[in-house]
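These notes concern the structure reproduced below.
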Amino acid sequence: LKQVFNKDKTFRPKRKFEPGTQRFELHKRAQASLNSGVDLKAAVQLPSGEDQNDWVAVHVVDFFNRINLIYGTICEFCTERTCPVMSGGPKYEYRWQDDTKYKKPTALPAPQYMNLLMDWIEVQINNEDMFPTSVGKCKEEVL
């Protein structure tokens, strides 16, 4: 279990919403609808009177948290030796480019690609300009 919770591996703590905030209430509503067996179209429908950007932000963060958990369960089986290429089957290879260290699309082993990807997503989610923690302050052009 120690390896699963090691940040240097792939596990990242869930991003939490502050209790008592409107985003926390939206998160609870989203969780309830996803756990109730309701069809997905109804589960992601914008509740009346809620800000669309806040609703989307809540679902993006929830999706990131779920992907983190799923990847955490398989990361010990996908090593640089067993997964030397980040691919989507035999026809697709994903290459990493971030315009800082990797200026051109670069083939990487799957674990390295996933670590860079999850770090990049986490930076985006923690960026107050893209995902402000104050309700109603999202920049529409970003989302």
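The structure displayed is predicted, hence computed values, not measured ones.
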Does Met114 form a side-chain contact (heavy atoms from CB on, under 4.5 Å) with Met86? I'd like the steps, not just the answer.
CA-CA 8 Å; Met114 286 302 298; Met86 182 64 188; 3.7 Å; yes

Apply the test side-chain contact (heavy atoms from CB on, under 4.5 Å) to residues Val123 and Asp119: give CA-CA distance (whole Å), side-chain angles for both, the deciding distance (0.1 Å), then the verdict.
CA-CA 6 Å; Val123 166; Asp119 287 345; 5.6 Å; no

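Within the structure, every pair that satisfies the disulfide bond (SG atoms under 2.5 Å apart) test and touches residues 81-115, not counting sequence neighbours, is listed here: Cys78-Cys83. Listed by first and then second residue, the salt bridge (charged side-chain N to carboxylate O under 4.0 Å, His left out) pairs that reach into residues 104-117 come to none, sequence neighbours excluded. Every pair passing side-chain hydrogen bond (donor to acceptor under 3.5 Å, both in side chains) that includes a residue from residues 80-90 is listed here, sequence neighbours excluded: Thr79-Thr82.
Considering all non-hydrogen atoms of both residues, Tyr71 and Pro111 come closest at OH-CA, 3.6 Å.
A distance of 8.5 Å separates CG in Asn68 from CD1 in Ile121, rounded to the nearest 0.5 Å. Interatomic distance, Met130 CE to Ile125 CD1, rounded to the nearest 0.5 Å: 9.5 Å. Note: Lys103 NZ to Thr100 OG1 = 6.5 Å, rounded to the nearest 0.5 Å. Summarising the geometry, atom CH2 belonging to Trp120 is positioned 15.5 Å from atom CG belonging to Asn115; distances are rounded to the nearest 0.5 Å.
Partner of Val58 under the side chain to side chain contact (heavy atoms under 4.5 Å, CB included) criterion, out of Val61, Asp62, Val56: Asp62 alone.
Shown here are the side chain to side chain contact (heavy atoms under 4.5 Å, CB included) partners of Tyr102, two or more places apart in sequence or in another chain: Trp96, Asp98, Thr106, Leu108, Gln112, Leu116. With sequence neighbours excluded, the residues satisfying side chain to side chain contact (heavy atoms under 4.5 Å, CB included) with Leu46 are Glu50, Gln52, Trp55. Take Pro105 and apply the side chain to side chain contact (heavy atoms under 4.5 Å, CB included) test, not counting sequence neighbours, and it matches Arg95, Gln97.
Remark: the backbone N or O of Glu122 is paired with a side-chain donor or acceptor of Asn126 at under 3.5 angstrom.
Hydrophobic clustering (side-chain heavy atoms under 4.5 Å, transitive across Ile, Leu, Val, Met, Phe, Trp, Tyr) keeps Ile74 apart from Val85.
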